[in-house]
Amino acid sequence: PVIMISGVEDMTAVVKCIELGAEDYLRKPFNPVMLKARVTASLEKKRLRDLESVHMQQLKVEKKKSDKLLNVILPNAAASELKATGKVVPRRYDDVAILFCDIVSFTTFCEKHDAAEVVDGLQALFTAFERVTNENEMEKIKTIGDEFMASAGLTRTNYTPLLSAVKCGLGMAAATAELDVDWQVRVGVHVGPVVAGIVGDQKYQFDVWGDTVNTAARMAGMGSPGTVAMTYDAWLKVQDECQGRSLGQIDVKGKGKIELVECTGVL
């Protein structure tokens with residue numbers, strides 16, 4: 001801090017010193033006791049400003065961490081809306097593809113391996129799934145145990161959501177085969193309307209609901225490992241771009257007997 005000491009009595013000159021950044025001004029002849037008091041006060045104000053600056057910098061760092069964590073937990077569009085308005089308005093989306101992917105015989109694997117091996121395997125697998133999901137213009141919704149859930153056409157624009165989901169599912173199966181774990185995955189997809197929003201106040205959870213979600217979840221257990229199972233009606237939307245085979249009429253919980261198809265590749 002700078003304290004000006006001068007014999008100049010012109011008030012304009014005093015004001016000019018302050019405008020140029022002087023902390024204080026004393027006129028000659030000055031009192032040493034008063035000068036010491038002014039110096040002490042100036043240094044204290046400087047110390048407080050430095051503390052405030054450090055505190056503000058820490059707040060900026062913490063805000064960046066918070067924003068980054070929020071973008072990990074929520075889709076980017078939902079995170080941006082939450083930061084801007086403090087809430088995310090629930091919405092209905094008409095043409096959304098939902099994908100569920102789970103690991104075959106995962107419970108048996110857990111019983112035969114230690115916790116570290118199980119978690120390390122899941123970490124490697126789900127990291128690969130996140131990469132495949134992003135490559136196919138989809139969004140990860142959440143993981144539930146050994147199950148990975150993703151969507152296409154929700155908060156991220158996608159003009160072929162079901163085809164993206166099929167490609168993503170096949171990509172997940174391929175990625176699983178490349179990892180050093182003896183796992184196979186089953187994938188189920190469906191397309192249709194969903195409702196999406198955030199639940200919870202202390203721990204945010206972005207989620208989707210509706211018959212489309214329930215049907216996709218049912219499909220995940222119907223096909224062969226490495227394929228993507230769907231209803232026949234869904235298959236009609238992608239049959240020109242995909243290879244598949246009929247599974248016939250199968251009794252699906254909550255749906256009764258419906259014809260299913262498993263997709264084995266893309267054309």
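Given the structure is predicted, the values throughout are model-derived calculations rather than measurements. Just so it is clear, the values below take in all heavy atoms, side chains as well, and ignore hydrogens, waters and symmetry mates.
Nearest heavy-atom pair, Met138 versus Ala165, reported as atom, atom and distance to 0.1 Å: SD-CA, 3.5 Å. Across all non-hydrogen atoms, the minimal contact from Val166 to Val228 is O-CG2, 3.8 Å. Looking at every heavy atom in both residues, Val132 comes nearest to Cys168 through CG1-O, 3.6 Å. For the pair Gly265 and Cys263, the tightest heavy-atom approach, listed with the atom from each and the gap, is O-SG, 3.3 Å. Nearest approach of Phe206 to Ala196, heavy atoms of both residues: CZ-CB, 3.8 Å. In this structure, Asn158 and Gly153 approach most closely via the heavy-atom pair CB-N, 3.7 Å.
In the displayed structure, Arg91 atom CZ is contacted under 6.0 Å by more than 12 heavy atoms of other residues, nucleotides or ligands. The local environment of CG in Asp251 is crowded, with over 12 non-hydrogen atoms from other residues, nucleotides or ligands closer than 6.0 Å. Within a 6.0 Å sphere centred on NZ of Lys16, heavy atoms belonging to other residues, nucleotides or ligands number 12 at most. Around the OH atom of Tyr232, the shell of radius 6.0 Å holds no more than 12 heavy atoms that belong to other residues, nucleotides or ligands. No more than 12 heavy-atom neighbours from other residues, nucleotides or ligands sit within 6.0 angstrom of NZ on Lys46.
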**Request:** Dump the intermediate steps for side-chain contact (heavy atoms from CB on, under 4.5 Å) on Thr12 and Val14, then the final yes or no.
**Result:** CA-CA 5 Å; Thr12 302; Val14 173; over 6 Å; no
**Message:** Working note: Leu260 + Val252, criterion side-chain contact (heavy atoms from CB on, under 4.5 Å); need CA distance, chi angles, decisive distance, verdict.
**Reply:** CA-CA 10 Å; Leu260 303 184; Val252 179; 4.2 Å; yes
**Request:** Please step through side-chain contact (heavy atoms from CB on, under 4.5 Å) for the pair Ile258 and Ile250, ending with a clear verdict.
**Result:** CA-CA 6 Å; Ile258 56 177; Ile250 295 181; over 6 Å; no
**Intermediate values then yes/no, side-chain contact (heavy atoms from CB on, under 4.5 Å), Glu241 and Leu267** = CA-CA 5 Å; Glu241 292 87 8; Leu267 300 175; 5.6 Å; no
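In this structure, Thr143 OG1 and Leu122 CG are separated by 8.5 Å, a value rounded to the nearest 0.5 Å. Note that CE of Met4 is 11.0 Å distant from CG of Asp24, once rounded to the nearest 0.5 Å. One finds the OH atom of Tyr159 at 12.5 Å from the OG atom of Ser164 (value rounded to the nearest 0.5 Å). Of the inter-residue distances, the one linking Met219 atom CE with Asn214 atom CG reads 11.0 Å to the nearest 0.5 angstrom. In this structure, the separation between CG on Asp207 and CD1 on Ile141 is 7.5 Å, given to the nearest 0.5 Å. Annotation: the span from Asp211 atom CG to Lys255 atom NZ amounts to 3.0 Å, rounded to 0.5 Å.
Judged by distance alone, the side chain of Arg218 and the main-chain N or O of Lys253 form a donor-acceptor pair under 3.5 Å. Side-chain atoms of Glu262 come within 3.5 Å of backbone atoms of Ser224 as a donor-acceptor pair (strictly under, hydrogens ignored). The backbone N or O of Gly7 lies less than 3.5 Å from no partner atom in the side chain of Arg27, so there is not a single donor-acceptor pair.
The only member of Glu139, Lys140, Arg156 that meets side-chain hydrogen bond (donor to acceptor under 3.5 Å, both in side chains) when paired with Asn134 is Arg156. Checked against His190 for a side-chain contact (heavy atoms from CB on, under 4.5 Å), the options Ile98, Thr231, Asp233 give a single hit: Thr231.
Counting only heavy atoms from C-beta outward, the side chains of Lys60 and Lys63 never approach each other to under 4.5 Å. Tyr25 has its side chain within reach of Ser6: a pair of non-hydrogen atoms, C-beta onward, lies under 4.5 Å apart. In this structure, the side chains of Lys237 and Leu163 stay at 4.5 Å or more apart for every pair of heavy atoms. Residues Cys101 and Leu99 have side chains in contact (heavy-atom distance under 4.5 Å, counting atoms from C-beta outward). Side chains of Thr176 and Leu125 form a contact here, defined as non-hydrogen atoms less than 4.5 Å apart. Within the 4.5 Å cutoff, the side chain of Val199 has heavy atoms near those of the Trp209 side chain. Counting heavy atoms from C-beta outward, Lys45 and Leu48 have side chains that stay 4.5 Å or more apart. Contact of the Gln239 side chain with the Leu236 side chain is registered, since non-hydrogen atoms from C-beta on lie closer than 4.5 Å.
Cluster membership for Val96 and Val213, using ILVMFWY side-chain heavy atoms within less than 4.5 angstrom, is shared. Cluster annotation: Val208 is not connected to Val195 through the hydrophobic network of ILVMFWY side chains, with a link wherever side-chain heavy atoms come within less than 4.5 Å. Two different hydrophobic clusters hold Met149 and Ile103 under the rule that ILVMFWY side chains link at heavy-atom gaps under 4.5 Å. If you chain together hydrophobic residues whose side chains sit under 4.5 Å apart, Val191 and Met172 fall into the same group. Residues Val194 and Met230 are members of separate hydrophobic clusters, defined by side-chain heavy-atom contacts under 4.5 angstrom among Ile, Leu, Val, Met, Phe, Trp and Tyr.
With respect to Arg49 and Glu23, a salt bridge is recorded, a charged nitrogen being found less than 4.0 Å from a carboxylate O. Checked for salt-bridge contact, Lys167 and Glu137 miss the test: no charged N lies under 4.0 Å from a carboxylate O.
Using the six-membered ring where Trp is involved, Phe109 and Phe106 have ring planes that are parallel, under 30° apart on the 30 and 60° scheme.
The salt bridge (Lys or Arg N to Asp or Glu O under 4.0 Å) pairs that include a residue from residues 113-126 number zero, where partners must be two or more places apart or lie in different chains.
The distance between the ring centers of Phe148 and Phe100 does not fall below 6.0 angstrom.
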